[in-house]
Amino acid sequence: MGGVIVTNPPKADAEDVEALAGFGVATVSEAMGRTGLLGPSIRPVQQGVRVAGTAVTVLGWPGDNLMIHAAVEQCGAGDILVVTTTSPCTDGLFGELFATALQQRGVRGVVLSTGIRDTQELRDMGFAAWSRAVSSQGTVKATGGSVNVPIAIDGQVVRPGDVIVADDDGVVVVPREKARETAERSEAREAKEAATRAAFLEGQLGLDRYGLRDTLKRLGVEYRTYEEYTGAGS
């Protein structure tokens, strides 16, 4: 199997990446019209960590981490490595040694549709990671693949240079051309949520703030007393 290693792909502006780093995955996805999320099976190996960076993508072979080695050379400060394989794989393609090499280059984390191992070591060294599985199963280095090409994880396309935002809730990808717009919309959404939070703290109900009583009525949802509902006392 051949492949290609693309060097110096375009990336989202660092200023826009940093702006997106201030928002959670849910906020960013909502700001893009509830799009961009990788599947819910991509989970963090740590808690309480949020990162944002530009994607360096890897398309490899199941059970083979050769192309991750090739991708390390293409990674730099502010990047996030995003790895998938040509068919489903839960083997431990990534571990502490890869993280050491990437951390030295200023990489902010890794996202894999495969398995990961050395999770305790990754937490100890503060290297953020999200994966579909945790597995000690080893790999080989024998099959060609590609680096910095568009890949798909759970139907979501990730291109090199797109923005990856990841936290306890999962992972979202922001197309590099939409990074600034998404950051602005995320900021507006957080301001709106802050106002709603303040209203809830004062006792207002979501039914009233969002005008949902009319929605319930339109859908035919009725209020009945317990006696009316059960027929008690009749």
Side-chain angles (χ1 to χ4, degrees), residues 9-57 76-82 106-113 126 128-131 150-219 221:
K11 296 182 178 183
D13 289 342
E15 181 179 340
D16 298 331
V17 176
E18 292 309 308
L20 285 166
F23 306 107
V25 165
T27 296
V28 173
S29 175
E30 293 280 359
M32 292 194 297
R34 292 180 291 176
T35 63
L37 290 172
L38 275 58
S41 63
I42 307 295
R43 306 297 301 276
V45 303
Q46 68 284 310
Q47 292 292 305
V49 174
R50 179 187 297 163
V51 298
T54 44
V56 172
T57 61
D79 286 334
I80 293 178
L81 186 65
V82 185
V107 174
R108 294 176 176 172
V110 65
V111 175
L112 305 101
S113 70
W130 287 255
S131 70
I151 61 175
I153 297 178
D154 297 334
Q156 178 62 54
V157 175
V158 181
R159 302 170 306 160
D162 286 346
V163 183
I164 301 295
V165 182
D167 62 16
D168 289 350
D169 292 336
V171 182
V172 64
V173 56
V174 180
R176 57 181 181 263
E177 301 89 349
K178 295 183 178 181
R180 178 166 301 180
E181 174 190 358
T182 301
E184 292 171 350
R185 290 187 175 185
S186 296
E187 184 177 9
R189 182 174 179 82
E190 282 217 336
K192 181 179 178 180
E193 288 185 350
T196 299
R197 186 178 301 108
F200 286 172
L201 286 171
E202 293 177 356
Q204 186 178 21
L205 297 175
L207 284 173
D208 298 313
R209 185 167 185 83
Y210 301 137
L212 297 178
R213 295 190 188 278
D214 289 339
T215 301
L216 292 175
K217 183 177 180 180
R218 175 172 53 81
L219 294 173
V221 179

Tabulate below the donor-acceptor pairs under 3.5 Å that side-chain atoms of residues 49-57 make, not counting sequence neighbours, or state none.
residue	atom	partner	partner atom	Å
Arg50	NH1	Gly22	O	3.4
Thr54	OG1	Asp79	OD1	2.7
Thr57	OG1	Asn148	N	3.3
Thr57	OG1	Val149	N	3.0
Thr57	OG1	Val149	O	2.6

As a quick check of understanding, evaluate side chain to side chain contact (heavy atoms under 4.5 Å, CB included) for Asp154 and Ser41, giving each step before the final call.
CA-CA 9 Å; Asp154 297 334; Ser41 63; 4.2 Å; yes

State the CD1-CG distance between Ile42 and Leu112, to the nearest 0.5 angstrom.
8.0 Å

4.5 Å side-chain heavy-atom contact, Val158 and Val111:
no

Tell me which pairs pass side-chain hydrogen bond (donor to acceptor under 3.5 Å, both in side chains) where either residue lies in residues 191-205, with sequence neighbours left out.
Arg189-Glu193, Thr196-Arg209, Gln204-Arg209

Taking every heavy atom of Val25 against every heavy atom of Gly170, the minimum-distance pair comes out as CG2-O, 3.4 Å

Which heavy-atom pair separates Leu20 from Ala179 by the least distance, and what is that distance?
CD1-O, 3.9 Å

I'd like to check the side chain to side chain donor-acceptor pair (under 3.5 Å) partners of Ser186; sequence neighbours left out, ordered by chain and number.
none

Pairing residues for Glu187 by the side chain to side chain contact (heavy atoms under 4.5 Å, CB included) criterion, not counting sequence neighbours
Phe23

CD1-CH2 distance between Ile164 and Trp130, expressed to the nearest 0.5 angstrom
10.5 Å

Output side-chain donor-acceptor pairs under 3.5 Å for residues 28-37, partner residues at least two apart or in another chain, one line each.
residue	atom	partner	partner atom	Å
Ser29	OG	Thr35	O	3.0
Thr35	OG1	Met32	O	2.8

Using side chain to side chain donor-acceptor pair (under 3.5 Å) as the criterion, list what pairs up with Asp214, not counting sequence neighbours.
none

Return the set of residues passing side chain to side chain donor-acceptor pair (under 3.5 Å) with Asp13 (not counting sequence neighbours), or none when no residue passes.
none

Pairs touching residues 166-184 that satisfy side-chain hydrogen bond (donor to acceptor under 3.5 Å, both in side chains), sequence neighbours left out:
Asp16-Arg180, Arg159-Glu177, Glu181-Arg185

Identify the two heavy atoms, one from Pro150 and one from Val157, that lie closest to each other, and give their separation to 0.1 Å.
CB-CG1, 4.4 Å

Quick one: list whatever passes salt bridge (charged side-chain N to carboxylate O under 4.0 Å, His left out) with Arg43, sequence neighbours left out.
none

For Glu18, check side chain to side chain contact (heavy atoms under 4.5 Å, CB included) against everything at least two apart and list the hits.
Arg108

Shortest non-hydrogen contact from Val171 to Ala166?
CG2-CB, 3.9 Å

